[in-house]
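Worksheet: the structure to be examined is printed underneath.
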Amino acid sequence: MTTMTEASVREFKMPDVGEGLTEAEILKWYVQPGDTVTDGQVVCEVETAKAAVELPIPYDGVVRDLHFPEGTTVDVGTAIISVDVGGGSAAPAPAAEQPAAAQPAAAAPAEEPKAAGSGRQPVLVGYGVATSSTRRRPRKGPEVPVQQASTAIQTELNGHAPTAPAPAPAAAQAAPAGPDRPLAKPPVRKLAKDLGVDLTTVVPTGPDGIITREDVHAAVAAAVPAAPEPSVASAPAAAPASYDTARETRIPVKGVRKATAAAMVGSAFTAPHVTEFVTVDVTRTMKLVEELKADKEFAGLRVNPLLLIAKALLVAIRRNPDVNASWDEAAQEIVVKHYVNLGIAAATPRGLIVPNIKDAHAKTLPQLAESLGELVSTARDGKTSPAAMQGGTVTITNVGVFGVDTGTPILNPGESAILAVGAIKPQPWVHKGKVKPRQVTTLALSFDHRLVDGELGSKVLADVAAILEQPKRLITWA
């Protein structure tokens with residue numbers, strides 16, 4: 001009988017997945033005590049001050065303990081999960097104390113054979129393949145010490161002991177493992193686990209024998225999924241996301257919302273803001289948008305007014321490069337950037353984030369449309385990476401999508417300017433000496449007055465307005 005030793009237990013600590021982050025909230029556990037994990041497998045999803053990130057484990061082993069429940073904010077460097085990497089397992093209970101149906105499965109299963117001469121299969125994601133070969137064991141049923149630990153944790157969290165699950169059928173426990181671990185990416189493994197699908201029974205259709213999401217759904221359609229096992233990670237968080245009193249609701253400020261609040265306060269009281277406004281007739285720009293939608297060069301791309309507004313701002317920055325700068329307080333210098341990482345403010349369920357398009361100044365209009373589409377879809381899915389929100393130089397915020405005419409935007413920290421775009425709607429306008437209904441919007445440009453004076457800020461805003469009024473200037477000013 002082999003038991004776990006302290007020397008074989010590895011503690012996986014909360015990493016700094018951004019630059020200088022100090023904490024992260026555990027959103028969801030994808031594993032539970034007793035699960036077998038492999039190098040590169042995603043074990044949990046965490047939310048930092050910048051984004052939601054999935055964390056892969058960097059070694060093989062068996063999960064021994066989850067140190068924190070979902071909803072807990074953990075400091076960077078704190079151990080969050082223990083994994084036994086020594087090939088041992090928790091000691092089983094005496095045979096007399098086990099359920100009769102579970103006794104046939106009490107014997108230690110044989111290790112899985114390796115493919116001849118191949119060693120480990122290359123991982124699909126994560127930290128790469130370990131240099132030493134390893135052997136994997138099939139997942140074992142819940143044994144007494146692990147079950148007791150699970151019961152103790154759930155009792156502490158819930159205030160009562162959970163109902164003991166019914167013993168699994170002997171045939172299911174004794175099912176032998178195949179010679180090779182099925183190839184599938186972590187999200188597909190999670191989907192299979194959530195749906196109760198055994199990946200060893202799924203026929204892969206992806207390249208190189210990789211199981212796809214469609215393969216898992218096909219397996220679900222062909223069989224009734226197994227009931228999911230109870231999990232420590234499914235216990236309620238120590239602190240709720242929000243809670244009600246008699247007349248008010250209190251929502252803890254953390255994660256992206258907490259970081260945004262701190263950044264906006266710091267920006268508002270550090271950089272002296274100046275905001276200028278201009279109302280402009282964008283009828284010709286709206287007509288150009290419709291023409292581009294029918295252009296084969298933009299087939300499959302999302303074309304909207306924001307695309308041309310972004311291009312107009314990039315042209316204005318090229319004509320007035322000193323606006324694309326930052327203030328170095330320590331060196332007492334103005335740093336002019338010769339590249340534009342264009343930030344787009346995006347409202348998400350987790351709060352306001354500002355991912356940016358790297359080197360937007362060097363992109364053609366179709367390339368810019370593709371980058372904007374990817375940025376928006378990634379933000380909506382909550383998959384924006386911390387790297388995508390770092391290094392921005394100037395930002396656009398589109399308040400017009402909410403029907404708002406204009407506003408006074410606050411600078412993204414470290415940037416010198418931000419352009420707010422109001423709602424585009426028909427208004428009476430003097431056009432060629434006559435009052436006619438035209439498509440009109442209001443632009444607002446906030447800038448840091450330490451490095452952008454009124455003349456420079458006015459030139460930038462006037463250039464953007466002139467391009468949107470006469471979009472042919474995108475060519476003549478190029």
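Along the sequence shown, residues are numbered consecutively beginning with 1. Nothing here was measured: the structure is a model prediction, and the numbers come from that model.
Here the CG-CD distance, from Leu375 to Glu370, works out to 12.5 Å after rounding to the nearest 0.5 Å.
At a threshold of 4.5 Å between non-hydrogen side-chain atoms, the residues Val43 and Val37 count as touching.
A donor-acceptor pair under 3.5 Å is absent between the side-chain atoms of Thr212 and the main chain of Gly206, judged by distance alone. In this structure a side-chain-to-backbone donor-acceptor pair under 3.5 Å is missing from Asn356 to Ile344. His361 contributes no side-chain N or O that, together with a main-chain N or O of Tyr339, makes up a donor-acceptor pair within less than 3.5 Å. Looking at Thr378, its side chain does come within 3.5 Å of a backbone N or O of Glu374 through a donor-acceptor pair. Between the side chain of Asp328 and the backbone N or O of Glu333 there is no donor-acceptor pair closer than 3.5 Å. Trp327 places no side-chain N or O within donor-acceptor distance of the main-chain N or O of Val335, the cut-off being under 3.5 Å.
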Got a list of side-chain donor-acceptor pairs under 3.5 Å for residues 391-400, not counting sequence neighbours?
| from | atom 1 | to | atom 2 | distance (Å) |
| --- | --- | --- | --- | --- |
| Thr393 | OG1 | Asn324 | OD1 | 2.9 |
| Thr393 | OG1 | Asn341 | N | 3.1 |
| Thr393 | OG1 | Asn341 | O | 3.4 |
| Thr395 | OG1 | Glu415 | OE1 | 2.7 |
| Thr395 | OG1 | Glu415 | OE2 | 3.4 |
| Asn398 | OD1 | Gly400 | N | 3.2 |

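Inspection of the Asp75 and Thr78 side chains reveals no N or O donor paired with an N or O acceptor under 3.5 Å. A side-chain N or O of Ser8 and one of Asp84 form a donor-acceptor pair less than 3.5 Å apart.
Partners of Ala360 according to the side-chain contact (heavy atoms from CB on, under 4.5 Å) rule, which considers only residues two or more places apart in sequence or in another chain, are Leu314, Leu342, Ile357, Leu368. Among residues two or more places apart in sequence or in another chain, the side-chain contact (heavy atoms from CB on, under 4.5 Å) test is passed with Ser82 by Val9, Glu11, Arg64, Asp65, His67.
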